[in-house]
Amino acid sequence: MRKSLTLLAAAATLSTGVFAADYAIDPTHTFATFEIGHFGASVNRGRFDKKEGKITFDKAAKTGSVDISFDVASVNTGTAGFDKHLQSADILNAEKFPKAQFVSTKFHFNGDKVKSVDGNLTLLGKTQPVTLKANQFNCFESPMLKREVCGGDFEATIDRTAFGVNYGVDWGFPKNVRLVLQVEAVKQ
């Protein structure tokens, strides 16, 4: 009887996801970058320097959650004038909508590796579904931190006009923007 109760308790523990662990975003290894064509001649690139978030990850159950946000005013292209224009009401409207946020809805796996993450991206107060494809993903024991770190490189292409970012479309700027996210998070 005692053995049955122990097995029952273990099964209940497994089914409730007790083995899920919390991870804090490592801001020194986490970046959101974007790329958009410029008149077919070159590609404009930038990133958001201020970010925060958390991840819950359960390798055994193949589940997880992500909630990560980026300070829109921290956009950095390497050109101050372009950064100001991106922050303006013409494009990202950082004053009215200071934060962009991705919240996951489902993780997809290939074996024990994350293959993609479905979720919702909120930008300019509008939320749209986005799937982030994992180009690589791994968990490792950090020799410096002496803790597990999980992370990967993810990408998606979004239609910026779905979020109300219409600047330059009439001049031929593309609607599609490539997002590239490098994320590393430290087990807490």
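In what follows, every heavy atom counts, from backbone to side chain, and hydrogens, waters and symmetry copies are set aside. All figures in this text were calculated on a predicted structure; none of them were measured in a lab.
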Does a side chain donor of either Thr77 or Asp83 reach within less than 3.5 Å of an acceptor in the other side chain?
yes

Ion pair present between Lys187 and Glu141, side-chain N to carboxylate O less than 4.0 angstrom?
no

Where do Asp71 and Ser74 come nearest, in terms of heavy atoms and distance?
O-OG, 2.6 Å

Please check if atom CD in Glu95 has more than 12 non-hydrogen atoms from other residues, nucleotides or ligands closer than 6.0 Å.
no

With heavy-atom distances below 4.5 Å as the criterion, would you say the side chains of Val114 and Phe57 are in contact?
yes

Locate the shortest heavy-atom distance separating Val169 from Arg160; write the atom from each residue and the value.
CG2-NH2, 3.3 Å

Name the atoms and distances for all side-chain donor-acceptor pairs under 3.5 Å in residues 174-186, with sequence neighbours left out.
{"residue": "Arg178", "atom": "NE", "partner": "Glu155", "partner atom": "OE1", "Å": "3.4"}
{"residue": "Arg178", "atom": "NH1", "partner": "Glu35", "partner atom": "OE1", "Å": "3.0"}
{"residue": "Arg178", "atom": "NH1", "partner": "Glu35", "partner atom": "OE2", "Å": "3.3"}
{"residue": "Arg178", "atom": "NH2", "partner": "Glu155", "partner atom": "OE2", "Å": "3.4"}

Hey, what's the ring geometry for Phe34 with Phe48, parallel, tilted or perpendicular (30° and 60° as the breaks)?
tilted

To the nearest 0.5 Å, what is the distance between CG on Leu123 and CG on Asn93?
10.0 Å

Min side-chain heavy-atom separation Val72-Pro98 under 4.5 Å
no

So do the side chains of Glu148 and Tyr23 get within less than 4.5 Å of each other, counting heavy atoms only?
yes

Under a 4.5 Å side-chain heavy-atom rule over Ile, Leu, Val, Met, Phe, Trp and Tyr, are Leu124 and Tyr167 clustered together?
yes

Glu52 and Ile68, any side-chain heavy atoms less than 4.5 Å apart:
no

Looking only at heavy atoms, the pair that brings Ala73 and Gln87 closest together is O-NE2, 2.9 Å

Taking atom CD as the centre, does Gln128 end up with more than 12 heavy-atom neighbours from other residues, nucleotides or ligands that are less than 6.0 angstrom away?
yes

Are Phe39 and Phe173 an aromatic pair, judged by ring center distance below 6.0 Å?
yes

Scanning both residues in full, the closest heavy-atom pair of Leu132 with Ala156 reads CD2-CB, 3.8 Å

If I compare all heavy atoms of Thr28 with all of Phe31, which pair ends up nearest, and what's the gap?
O-CE1, 3.8 Å

Will you find, in the side chains of Thr56 and Asp22, an N or O donor that is under 3.5 Å from an N or O acceptor?
yes

Rounded to the nearest 0.5 Å, what separates atom OG in Ser42 from atom CD1 in Ile36?
11.0 Å

Hey, are the side chains of Phe137 and Cys150 touching, using non-hydrogen atoms and a 4.5 Å cut-off?
yes

Working to the nearest 0.5 Å, report the span between CG of Leu86 and CD1 of Ile91.
4.5 Å

Tell me, with the steps shown, if Asp67 and Gln101 meet side-chain contact (heavy atoms from CB on, under 4.5 Å).
CA-CA 7 Å; Asp67 185 342; Gln101 184 175 23; 2.7 Å; yes

Quick one: pull up CG in Asp153 and NZ in Lys133 and give me the separation to the nearest 0.5 Å.
11.0 Å

Do Val43 and Phe82 land in one hydrophobic cluster if side-chain heavy atoms of ILVMFWY residues count as linked below 4.5 Å?
no

Please report, to 0.1 Å, the donor-acceptor pairs under 3.5 Å made by any side chain of residues 102-112, with sequence neighbours excluded.
{"residue": "Ser104", "atom": "OG", "partner": "Val66", "partner atom": "N", "Å": "2.7"}
{"residue": "Thr105", "atom": "OG1", "partner": "Asp118", "partner atom": "O", "Å": "3.3"}
{"residue": "His108", "atom": "NE2", "partner": "Asp118", "partner atom": "OD2", "Å": "2.7"}

Is there side-chain contact between Phe163 and Ile158, with heavy atoms separated by less than 4.5 Å?
yes

Nearest-0.5 Å distance that lies between atom CZ in Arg147 and atom CG in Asp26:
10.0 Å

Taking all heavy atoms of Pro129 and all of Asn120, pick out the closest pair and write down the distance.
CA-OD1, 3.7 Å

Counting only heavy atoms not in Lys115, do more than 12 sit closer than 6.0 Å to its NZ atom?
no

What's the spacing between His85 NE2 and Thr79 OG1 if we round to 0.5 Å?
13.5 Å

Please test His38 against Arg45 for side-chain contact (heavy atoms from CB on, under 4.5 Å), starting from the C-alpha separation and ending with a verdict.
CA-CA 10 Å; His38 189 250; Arg45 292 179 173 87; over 6 Å; no

Is there side-chain contact between Thr30 and Lys51, with at least one heavy-atom pair below 4.5 Å?
yes

